[in-house]
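Reviewing the structure listed below.
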Amino acid sequence: MQYWLMKSEPNTFSWADLKAAPGQITCWEGVRNYQARNLMRDAMKQGDQVFFYHSNANPPAIMGIAKVVREAYADHFAFDPSSRYYDPKSTPEKPIWLMVDIQYERDIIPPIGLPELRTVPGLESMMLLQKGSRLSVQPVTPQAWEIIQQLRPGGQT
DNA sequence: GCCAACGTTGGC
DNA sequence: GCCAACGTTGGC
């Protein structure tokens with residue numbers, strides 16, 4: 001089992017949107033970065049745990065935990081000229097871009113804002129907190145995962 | 001809205 | 001293969 005952090009702008013797709021989705025499942029379309037794609041393709045497995053992070057929010061924050069329920073498959077939004085994620089280089093025959101499905105698991109109450117994360121001992125090396133870090137799908141170490149969970153004790157149920 | 005950091009594109 | 005120009009991300 002691996003741990004991840006996935007970013008979404010709440011204006012585009014929010015934590016509330018995930019909770020309101022059918023089955024509380026969504027496909028994670030729109031990843032258009034090779035490093036993030038490769039992580040999904042090569043390392044992300046069904047059952048993996050995901051921190052759902054709001055970027056471009058006030059404050060940016062970890063909103064809750066989701067899990068991977070379907071491993072990487074072709075992102076068909078890339079085939080659709082009317083989609084904001086259209087990429088003519090990707091075709092059904094040779095898909096370039098991939099997505100996974102994730103499902104709501106539980107809320108983190110209250111959400112853990114970026115300013116709070118920056119104060120937590122032991123998280124200094126977390127990718128999210130590095131200057132210029134933009135990767136929208138990031139691995140999270142088991143140590144960092146545990147530290148962050150401990151910030152909201154009792155959230156396990 | 002600003003802008004630093006980063007990734008991609010394309011001319012050469 | 002280099003690298004300048006450009007577009008995007010995302011915190012502030």
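Reminder, nothing fancy here: chain letters follow the sequence lines and each chain counts from 1.
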(request) Could you tell me whether N58(A) atom CG has more than 12 heavy atoms of other residues or ligands within 6.0 Å of it? (result) no
How long is the line joining [atom1] of [X] and [atom2] of [N], in whole Å?
| X | N | atom1 | atom2 | answer |
| --- | --- | --- | --- | --- |
| H54(A) | dG10(C) | NE2 | P | 13 Å |
| Q138(A) | dT9(C) | CD | P | 15 Å |
| R84(A) | dG7(C) | CZ | C1' | 14 Å |
| I96(A) | dG7(B) | CD1 | P | 18 Å |
| R32(A) | dT8(C) | CZ | P | 13 Å |
| L39(A) | dG7(B) | CG | C1' | 15 Å |
| N11(A) | dG11(C) | CG | P | 13 Å |
| R118(A) | dC12(C) | CZ | C1' | 10 Å |

(message) Does the Lys NZ or Arg CZ of R84(A) fall within the cation-pi geometry relative to Y86(A) - under 6.0 Å from the ring centre and within 45° of the axis?
(response) no
(request) Could you pull out the closest heavy-atom pair between W97(A) and A78(A), with the gap in Å? (result) CD1-CB, 4.1 Å
(message) Closer than 4.0 angstrom, basic N to acidic O: yes or no for R152(A) and E116(A)?
(response) yes
(request) Ignoring backbone atoms, establish whether Y53(A) has a side-chain N or O less than 4.0 Å from OP1 or OP2 of dG11(C). (result)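 Yes, such a contact exists.
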(request) Treat each ILVMFWY residue as a node, draw an edge where side-chain heavy atoms are under 4.5 Å apart, and state whether Y53(A) and Y104(A) are in one component. (result) no
(message) If you assign K89(A) and S133(A) each to the DNA chain B nucleotide with the nearest heavy atom, which residue ends up on the more 5' nucleotide?
(response) S133(A)
From the list [options], which nucleotide is the closest neighbour of the side chain of [X]?
| X | options | result |
| --- | --- | --- |
| K131(A) | dG10(C), dC12(C), dA4(B) | dA4(B) |
| S55(A) | dC12(C), dG10(C), dT8(B) | dG10(C) |
| R134(A) | dT8(B), dG11(C), dG10(C) | dG10(C) |
| N56(A) | dT8(B), dG10(C), dC12(C) | dG10(C) |

